Amino acid sequence: MVNNRLLDKVQLRSKLLKTRRAMSVEEWRGKSDRIASHLQSSPPFTQAKTILAYSSFRQEPDLSLLFAESKQWGLPRVAGKSLVWHRWKAGEPLLTGAYGIFEPDANSPILEAQEVDLILVPAVACDRSGYRLGYGGGFYDRLLTAPEWSSKFTIGIAFDFACLPELPIDEWDRRLNGVCTETGLIMTQ
């Protein structure tokens, strides 16, 4: 028997990714810049010293405007079924890693959980309760349920069309503390 919740997630993911790919470069850039602006003025961001982010892939919201901020940044590298976080500064080269995503070099310094104040989590979609729909690989689900990471402040990053009233959720899904779109930051817990 097919799991209807899984099928719902697969269909929803496909529909939302298609909508995202249909955006013009100008629309994508403008919405990404507004997301970055909302984050820059938010207390979780302004109070954080070390922030985990991501390198935009497949027209995800681009957070590169934030990287000029005087923060310690971390970007992920895929290692097997896990994400390893590396220190990164704007302008440092990134390599094409697993899944075609730009990642820091494996030899760059690693960031440990106790150093991190905020995690900006990429999402295909989020809901107004703080649940996230990812790409289906479970990388962030595993990260956010690990004891050393589970108490970190998290903000899901999505475009407004992908911020839905409710998402199908499973027992391993963890609520994020907030969701940021081009229309603003919604605190969920």
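All of these numbers come straight from a predicted model, not from anything done at the bench.
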Test item: [X] and [Y] side chains (from C-beta on) under 4.5 Å apart, heavy atoms:
| X | Y | answer |
| --- | --- | --- |
| Ile101 | Arg58 | no |
| Phe153 | Ile119 | no |
| Phe45 | Lys71 | yes |
| Ser32 | Leu63 | no |
| Ile157 | Pro122 | no |
| Val124 | Leu17 | yes |
| Arg132 | Arg175 | no |

Lys/Arg-Asp/Glu bridge criterion (N-O < 4.0 Å) met for [X], [Y]:
| X | Y | value |
| --- | --- | --- |
| Asp62 | Arg29 | yes |
| Lys9 | Asp173 | yes |
| Arg77 | Glu103 | no |

Ignoring hydrogens, what is the shortest heavy-atom contact between [X] and [Y]? Give both atom names and the distance.
| X | Y | value |
| --- | --- | --- |
| Leu75 | Ser55 | CD2-N, 4.2 Å |
| Ala79 | Val84 | CB-CG2, 3.7 Å |
| His38 | Thr181 | CD2-O, 3.5 Å |
| Ile155 | Pro44 | CD1-CB, 4.1 Å |
| Val116 | Lys152 | O-NZ, 3.0 Å |

So for atom [atom1], which belongs to [X], do other residues, nucleotides or ligands contribute more than 12 heavy atoms lying within a distance under 6.0 Å?
| X | atom1 | value |
| --- | --- | --- |
| Phe102 | CZ | no |
| Gln114 | CD | yes |
| Phe161 | CZ | yes |

Q: Report the relative orientation of the aromatic rings in Trp85 and Tyr140; use parallel for angles under 30°, tilted for 30 to 60°, perpendicular for over 60°.
A: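 Perpendicular.
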Q. Going through the checks in order, is the side chain to side chain contact (heavy atoms under 4.5 Å, CB included) test met by Thr188 and Ser129?
A. CA-CA 5 Å; Thr188 59; Ser129 297; 5.8 Å; no
